[in-house]
Each structure stands twice: as C-alpha cells, then as structure tokens.
There are 2 protein chains.
Amino acid sequence: MFQAAKPTKVFQEVVAQIEEAILAGRLETGQILPSERELKEMFRISRGTLREALRVLEQKGLIEIRLGVGGGSVVRAVDTGRVTESLGLLIRSQKVSLQHLAEFREGLEGNIAAQAAKRRTAGDICKMRELLEVARSCAAAGRQRREELLETDKQIHLAVAAATQNPIYQSILASIHDNIHRYYERFLSMEDRELRENVEDLCGLIDAIEERDADAAGRLSRRHVHRFNAYMQERARQAEAGTDMHSPSIDQAAGERF
Amino acid sequence: MFQAAKPTKVFQEVVAQIEEAILAGRLETGQILPSERELKEMFRISRGTLREALRVLEQKGLIEIRLGVGGGSVVRAVDTGRVTESLGLLIRSQKVSLQHLAEFREGLEGNIAAQAAKRRTAGDICKMRELLEVARSCAAAGRQRREELLETDKQIHLAVAAATQNPIYQSILASIHDNIHRYYERFLSMEDRELRENVEDLCGLIDAIEERDADAAGRLSRRHVHRFNAYMQERARQAEAGTDMHSPSIDQAAGERF
DNA sequence: ATTGTTATAATGGTCTAACCATTTCTATCC
DNA sequence: GGATAGAAATGGTTAGACCATTATAACAAT
C-alpha cells in the first residue's frame, strides 16, 4: 500500500531533469549538452555529483560522452542496446537458460512472420529476396562463408520483423538473436546439408509472406526456428558430454573474494 | 571488420571486474561489498572514480547502494526491472506506440497461454482459480474495487506466464504490462459489464489451460487481449478527441533550453 | 521489562580544487 | 602547401574534507 520513503539524492534529481528534457524532445538527438563545468553551475552542484548523473544517463543509453575539445554529452537516439544488455544480464545470472530463450524465440518468430504476412510491402519482399540470394550463394560455398551466412540469416529474420512495421518486434528479436548468438557461437558448425536446408526453409517462409498467408508464414517460421533449436541443442549436448567445458571452476573462487 | 579503438576508462575496468565477479557467482546475492573507502584502496583509485563505477552497476541492476551504518553496496538478485525500464524508454522516446505494444502483447499472451497449457501443474491451476475468485468478487463489487480488480487481472496473466516455467515469458510480460498500465491508467474506467466479461474470458482461458488444450488456450488468450486492446483504443480515441491532452506544449520548450 | 532518548561511529552523499589525458584547432616552420 | 608543434577546451582522475543518514549501544524513564 505504501512505498519506501527514501531521500531523493541530488544526482537523481539531475538525472530526472535531463531525462525528462530528452524524452520531452526539448533536447534533440545529436545535440550536445553544455560542458560539465557549465552544467555544474546551472544545477549548482559539484562536478562529481554531476558526473554520477551523467554516468547513469550514459548507462541508460540516453547520452554518449565524448572526449576532447568539442566533445561532451551528446544526446543519443534510444535504441535496443539497453534491452539487449539487460536481457543478457538475466541470462548470464542463471535466471534464463538458452533453452528458455530458444522456446521464446520460436513463438516470437511465429507471431512476427504472421504479422509480416499481413503488412509486408513490395519493398520488404524485395529486400528479403535479395538477402536470400546472398544466403544461397553462401550456403553453396559451404564452410568457407559460414560467418557470412549466419549474419545473412540473421538479417533475413530481422527483415521479416521489419515488415511487421512494429518496432517492438524488431527490438525484442534483435535482442534475442544477439543473446542467442553470443552463447551459441562457440560450437556453431552446421553441416553443408543443414545449411542448405535452412536456406530452403527461409525461401518457403518468404513465399508465404509474399502471398500474405499469415497462417502458413507463422507455421513455417515456427518450424524453421524449432528445427534450428533442436539441432543446436543436440550440438550443445554433444559438446557438453565431450569436453565438459561448462564445469564450474571451483578453485578460481577461493582466493579472489574481496 | 575492425572495432573502434577507444581508451578503456578506469571506472569501466572496475565495473567489468565487479560485474564479472557477480555473474560468475564469486559475489553472491545479498552479500555486501566492502565500504567505498576500502574498495578504493583495493582498486587503487580515487573515491570519485569508484563511485562512478558503483553508479553504473546500480543502474545495471547488479547492486543496490544502502545508506548509513551497515550500509554499502549490496549484490542484488537480477530481475526484470532493467528490461522493463529500457523498454519503457524505447516507448517514451516515440519509437514505440501503445498500439505497437498492444499488438505485441496479443501475440505474446497467445504463446504464453499455449505453453502454459502444456506445462501447467495442479498448483498453477489452483493459484489461478484463487485469483479468479478474487477477480470475480471485485467485478461484482463494481467500480469501488476497480483498482484491486486491475491488479488481480494482472496477477492472473502473470500466473499463466509462471505456468510456462519459462522466466523470459514472465520477464517480458511483466515489462509489457508495466508499460501498458503506466500509460493507460489515466483513462482506465471500464463499465461494469465489461469488467465482468473480462473475468469470464479469463475463466474460459483457465479451463483450457487446465485441460491442456494449447490451441484453445492460445486462441482464447489472444481474443481476450484483443478485446481489451480494442476497448482501450476506443477509449483513448474518445479521450484524445475530447481533451486533446496529448497536444505538444510548445511554449514550454522555448525558455528552458540550455 | 519495555519503551523512549541520546551519543557514537560507520557509511554513503556532496563539495572544492586541483591536475592529467585526449582531442581539435591553429599558428608556425620548412 | 604540408608537416609539426603548441594552445585551448573538454572529459577523466585524484585528494581531502565535511555533511547526512542510519544502526547500534548505552542510558534513562515509565
């Protein structure tokens, strides 16, 4: 019913003011705030306190702090970076496993594909086909262009998300992909056959989206992601059994506590 | 191909070290770090720099800084708070509209319900029925217990998410609800009839989940959320037309620029 | 014994005043 | 005209002091 009554700290007040100014549009993206020495005069605070506030704003992704003359606090365009990071922290703090992430992604990409099928423009399809061509040639080249294929694959999924015209789909999907890739990349090494299958999956998906068949698009996308997940989990299981690379290193913890 | 080569700042190094220690489990949740005066000796840095690092860690949600004797930097259990906040920033920076959010929620809750139907335990159902009873009595009481009903409604949705046993569903859903409510709450005033309809929707949903009918659960959940969205949008449209409460206040911007 | 009060000390919060490091711009030199 | 060195602006860091908040202990009052 009640909230904890905690004293408002000075730096928080500063954070709140600048944040409000940015979100209200009084400070536009790219605009450079006054120098720290000027700001501290305006707020009538010390530089240290001001800098704590700026650090918080930087961590929130609202400003970017540049060095040197002509530098300063630059108002940033808010992007998905912070969502990605906080999701990453959740994962790394053992609250979320890769399996959880994969399951979530399956449903998410299904919804995205269905929505994309309803909203896609000719330009969206064009973009997807373009990327698909790149993916095809990569897949044909086999292992050598593996890195590029993975990147292109990701781009295709993001292009589908873009076709939904809903930025939240794009944000969340980008965050999920980022986090999945960061943790899977170690043992990502599909066989050539699987690589090509993967690309053919996508081809069918894009066809469905072009035909505005939301049901089919959703189904195909789910299946595509599901297959990928199953494959990666199998891989991960093998790697785990073979190298035991995730065993906790106990000794490390002994001497290094504060 | 290459990354920008920027100098590593001292406070970042400190952030990295403490973050690593927390995520690796060398610092456990609830544990109190040494005092600032001790830490600054350990890292051989000034207190100001250390405090900048601590502020960043606090903003990341990794520590909580308590005042007074016995206070200090307490290692926190990472939760969804940061995801919620960064999603909120995306929304407020005009990148995401409430409509986008509502659309996303529709698909999300559909997936959640379907998954919950597959995994639900007896305990999950019990919990849901309990909450449903509260909601029913609130709905019967009408406008007086409106606040409580909304809270209970939210709790039910979260209970369904909990039944998926996938924390990422819970995190994202909590973030979405938080953000939707924060921006809708101004004109949330459903009619008694709608309140009751809402509760009956949920009743059917829970039945489907109990019977492990994933398809039906997903469909019902989608429809439930869709109806709510349509209703709220209609409400918002009315409010907009009537009061024009969202018109940009131009004069405000004039004198207050830095 | 319980309750209220006060003193104490530990800790984070803030301030001041320097100096260091990086970057851009400019004047100078060849 | 181009390279080079200097100047200036700006963020990054340091040091030392003092203020504000809070837990604890000691003490007093009921």
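Chain A is the first sequence line, chain B the second, and so forth, proteins listed ahead of strands; every chain is numbered from 1.
- At the heavy-atom level, Ile45(A) lies under 4.0 Å from the strands shown only through sugar-phosphate atoms.
- Atoms NZ (Lys9(A)) and P (dC15(C)) sit 14 Å apart, rounded to a whole Å.
- Note on Arg66(A) versus Glu64(A): salt bridge recorded, some NZ/NE/NH1/NH2 to OD/OE distance being below 4.0 Å.
- Summary of the strand contacts: Thr49(A) and Val69(A) both lie near DNA chain C, and taking for each the nucleotide with the nearest heavy atom, the more 5' one is attributed to Thr49(A).
- Put simply, CZ on Phe43(B) is 19 Å from C1' on dA15(D), counting in whole angstrom units.
- A 4.5 Å side-chain heavy-atom check between Glu41(B) and Glu36(B) finds every atom pair outside the cut-off.
- In this structure, the nucleotide among dG12(D), dT13(D), dT24(C) sitting nearest to the side chain of Arg37(A) is dG12(D).
- With dG12(D), dG12(C), dA10(C) as the choices, the nucleotide that has an atom nearest any side-chain atom of Glu36(B) turns out to be dG12(C).
- In this structure, the nucleotide among dT14(C), dG11(D), dA9(D) sitting nearest to the side chain of Arg47(B) is dT14(C).
- Each of Thr164(A), Thr80(A), Leu158(A) was scored for a side-chain contact (heavy atoms from CB on, under 4.5 Å) with Leu173(A), with one residue passing: Leu158(A).
- Atom CD of Glu52(B) and atom P of dG11(D) are 12 Å apart (whole Å).
- The shortest distance between side-chain heavy atoms of Gln155(A) and Met128(A) does not fall below 4.5 Å.
- Taking atom CG on Leu54(A) and atom P on dT13(D), their separation rounds to 14 Å, with Å as the unit.
- If you measure from atom NZ of Lys40(A) to atom C1' of dT10(D), you get 13 Å, rounded to the nearest angstrom.
- The separation between Ile65(A) atom CD1 and dG12(D) atom C1' is 10 Å, rounded to whole Å.
- Put simply, CZ on Arg51(A) is 8 Å from C1' on dT13(D), counting in whole angstrom units.
- In terms of position along DNA chain D, the nucleotide closest to Leu67(A) lies nearer the 5' end than the nucleotide closest to the other residue of the pair Leu67(A) and Pro7(A).
- Arg66(B) comes within 4.0 angstrom of sugar-phosphate atoms only, judged by non-hydrogen atoms across all strands, and of no base.
- Taking the side chain of Arg55(A) as heavy atoms from C-beta on, and the options dT13(D), dG12(D), dC15(C), the nearest nucleotide is dG12(D).
- Atoms CZ (Phe11(B)) and P (dA21(C)) sit 17 Å apart, rounded to a whole Å.
- The residues Arg26(B) and Glu20(B) are annotated as salt-bridged, a charged nitrogen and a carboxylate oxygen being separated by less than 4.0 angstrom.
- Closest-nucleotide positions on DNA chain C for Glu38(B) and Thr8(A) were compared, and the one nearer the 5' end corresponds to Glu38(B).
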